[in-house]
Amino acid sequence: MECSKLLETLDIFGYAGVCVGTENSQLLRNSLIILQGENHFQKCYYWGKIYGVQNDYHIAFGFKKDCMNDQMYYYSTDGLNWLLLPRANKYARFLTPLAINKFEGDPSIVTNVYNVNPPFPPNEDPKKYYDGPIPKELKEEDRLAATIEIIREDAVIIPRGAWFKCPNGDVIENSNFEGLGVSDVSYLKSYLHARPPQQKWNTNLLTRPDYNYALDFLDTIDMDVPSGCWNLQLLHGDRLVILHSLYWPGMTFYHKLHSPHYGFLYFGHGKKNMDVIFMV
Amino acid sequence: MAYSYNVEEVPPDDVPCVEHDIRRAKKFLQKHSPVSGDSLYDHLTEVLAKILAERPKNAVDIFEELSRRAKEERFKTKSHHFRDVYIPPTQSEDAKKIIKLFQNVQSIYEGEGEKRETEDEEEEGDTRKKMPNMLDLLFYFEQTNVGLPRSQMVLLNLSIRKLIAESPIENVKFWGKVLGSPKSYYVVEADLKPEELNNRLERTAEEEERKRQEEQMRTEEKAKVEREAGETVEREAAEETEEAAGATEKKDQEGLELVFPPLPTHSWVPPPEVPPERIGTGANAKVYFVCNEPGLDKWIELPPVTPQQIVIARQIVRYCTGNLETPIHTFPPFPGTEKNYLRAQIARISATTQVSPIGFFTFGAGDEEEELMEEMEEGGVLSENVHYDPLPIKDLTDPSMSNWCHHAPYLLKQGRIVWWNPSGRAEDELEEEEEMDEEEEEDAKARVEKEVGPPLLTPLSEDAIVDGVTPWRALQSSRTQPDQAVALIRSNVWPGAFAFACGKCVHASPLFNNDFPLSRRICDIYVADKYKFPLGIEETARQGTVAKGRFYRETNQPGK
């Protein structure tokens, strides 16, 4: 969610049971504006919060030019001092889904994730499944980075038309976006994954009759498995749409109809809910 | 002589002529497309006129968009034949309902106001206190980053008032919200009024009596049928044995004897069914009302919960749909529909997450210590401590959590709050026996071990840590202004369960919930998504406390 809009969270995310309190929103807003200035970001967003045992992590991101590929993430435990979040490496991506403990709240802590929850059959050679030396220790900072990347791939979405792909390949925010209408808003295919597309370039174009090369370059969320993994609710007399990801409880996306206002916040423990298939 | 300049004159091809080129280009642009009937010339004029009139920023970047929109508008006006048909705003139905609600509540209040004037002032204070004030709650929760939608809270307040006026209930409290897909539930908790409670008990007693009689009739009939069947079987068997005797004789003669092992019989007996607790006691002490949209929907009362439902609900995960009649297809099979499931989860959540600062609740009004002890043993009635002295924020947010305690009774593994002895003897008898003969009592214990939960008002510090998850986390709303901060505690087991304390204002119950543990709950209200519930973690979490809790109780008496 844009850092300047944080004061509105109560009326939007209240439906999901979270908000950013008045004092906190002022604190975050101003510290993020400073962060934006220091990094020459075009826009700076508050991403959400990951709950820890001792401390919570506030996460923010911004971009300079390309709103999809240039995102830079920052984290903070107090909302005042922001630290650059490293890119998730291969080891962290491998180990993070194995971690069953909660985030501790101290980024420098190192835990042995592998031995607590070994992923491979015990009587077989793990080399068969994993190339190279198997990592076992995971630093919490890396885990945070990997978790955020995985959440971004799974659960961060935008309404169709909010991002625009320029002919030179840059992805920019569409300043002409006027919001979804009543006829589109209740269909999952009007929402796109805000990540580099994973399907072939023409798959997403072919799924709709009114395709547009500049808008339909991302994957739609109606292809996600299982089909009930997004919870779409029209609220406030059909003027607000809220989408919850059931895979990542705590991930809430909102969009005000007929307006360019949209965004998301994540407030949760940073753990994927693997029971979704049995719950819908 | 000079030059005769005739525009119409066609110049030779090799001489460049600006005017002629312009004319040619214009002609080309003005050509009408046979498909849409438009010409590019008109279109460009329109778009450029629009750009000049509206003056958008960076027009060149969005030129395609502008052009597309101009075409769209042209198309729209052409196809717009039904201008005279007025379509009312979609929300007008809802708006009518809400206005009706406002009028209703107003008339209730006016009626009550007249009555009140005749009543004592004290009583007035009492009834007013019972009305939940959602906006007050909103104020405190907002500071602690727990959200309640502001517009809904006003409607919720009104519809709770209407509910109180219409139903025989008292002590109404907003319990929380359970997030579901596609609809969520708002949940309100209440006590039945004594008269209504008696009525219901009588009714259930009558029903039970009728059922028992029917069953008796049925068993008698069955017995009769069986007896008859048995007689015929016996007769046949007798005949068979005669035949068999004849056969064996034959076999003996042939010298062949086949010995078969007896057919296996199963020795499994289904465990006795645990009877549900009476309305007004144990897990059914409170009644719960739910609705999808406060102000628009009617409050629907949830049915009482049975121990079987609680036991099964611990083993399954399910996302609520917002429709109370949805069947639940799970393994193990759940006895009932979504309303029973919701009720079972509410019972589980309430038992685990209703917490308050130590000293906020005390046992009864007993002055003498002995009485107090006795009441505690029996899990006596809690009442708000009039002399509650607000704890400083530093103590309330202490990570050891020793300054917060549970004020809801523990839900046993059996699915009841009061233990039921499956061996069929009432507890009173057991106790008598205890006095009579200790040895015998030991025997009884060896047979069925009595389940005991931790006593009421056990501090949270005694909750067990399961799977490396510390069950609670204490937070402070503001680090910069600690003198004005609100203390919040958050459940890690049932994400979405919160409780706050700020001076004398304490909200002690769950709030927003996902209906699964590790889901979200809103305070004295439980705000959570109804995703799934933890698989019995919370019960285990509280179980570790039994032994320690007793010790604690003896050493630190709360509310003394």
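So that the names make sense, note that chain A is the first sequence line, chain B the second, and so on, each numbered from 1.
Among pairs with a residue in residues 54-64 of chain B, none fulfils salt bridge (charged side-chain N to carboxylate O under 4.0 Å, His left out), at least two apart in sequence or across chains.
The side-chain tip of B:Arg473 does not point at the ring of A:Tyr51 from less than 6.0 angstrom away and within 45° of straight on.
Among all heavy-atom pairs drawn from B:Val317 and A:Asp275, the shortest one is CG2-CB, 4.0 Å. Here the closest non-hydrogen pair linking A:Ser175 and B:Ile62 is OG-CG2, 4.1 Å. The shortest heavy-atom contact between B:Pro149 and A:Gly14 is CD-O, 3.2 Å.
Atom CD of B:Gln152 sits about 10.5 Å away from atom CG of A:Asp11, to the nearest 0.5 Å. Atom CG of A:Leu235 sits about 7.5 Å away from atom OG of B:Ser184, to the nearest 0.5 Å. The OG1 atom of B:Thr144 lies 11.5 Å from the CD atom of A:Glu23; values are rounded to the nearest 0.5 Å. How far OG of B:Ser151 is from NE2 of A:His236: 3.5 Å, rounded to the nearest 0.5 Å.
Of the two parts of B:Leu66, neither the backbone nor the side chain holds a non-hydrogen atom closer than 4.5 Å to a non-hydrogen atom of chain A. Residue A:Asn174 does not touch chain B at all, counting heavy-atom pairs closer than 4.5 Å. Interface residue B:Leu475: only side-chain heavy atoms are found under 4.5 Å from chain A. Residue B:Thr330 does not touch chain A at all, counting heavy-atom pairs closer than 4.5 Å. For A:Thr9, no part lies under 4.5 angstrom from a heavy atom of chain B.
Using a distance-only test at 3.5 Å, with no hydrogens or angles considered, a donor-acceptor pair links the side chain of B:Glu142 to the main chain of A:Thr22. Under the 3.5 Å distance criterion, the side-chain polar atoms of A:Gln233 are matched with a main-chain donor or acceptor of B:Gly180.
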Step-by-step side chain to side chain donor-acceptor pair (under 3.5 Å) determination, A:Asn176 to B:Arg69: CA-CA 11 Å; A:Asn176 244 329; B:Arg69 230 183 294 158; 2.8 Å; yes

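By number of non-hydrogen pairs under 4.5 angstrom with chain B, the leading residue of A:Asp56, A:Leu232, A:Val276, A:Asp238 is A:Asp56. Interface remark: of the candidates B:Met153, B:Glu293, B:Gln143, B:Glu65, B:Glu65 forms the most heavy-atom pairs closer than 4.5 Å to chain A. Residue with the most contacts toward chain B among A:Asn24, A:Leu27, A:Ile12: A:Asn24 (heavy-atom pairs, distance under 4.5 Å).
Counting heavy-atom neighbours within 6.0 Å of A:Lys5 NZ, excluding the residue itself, gives a total above 12.
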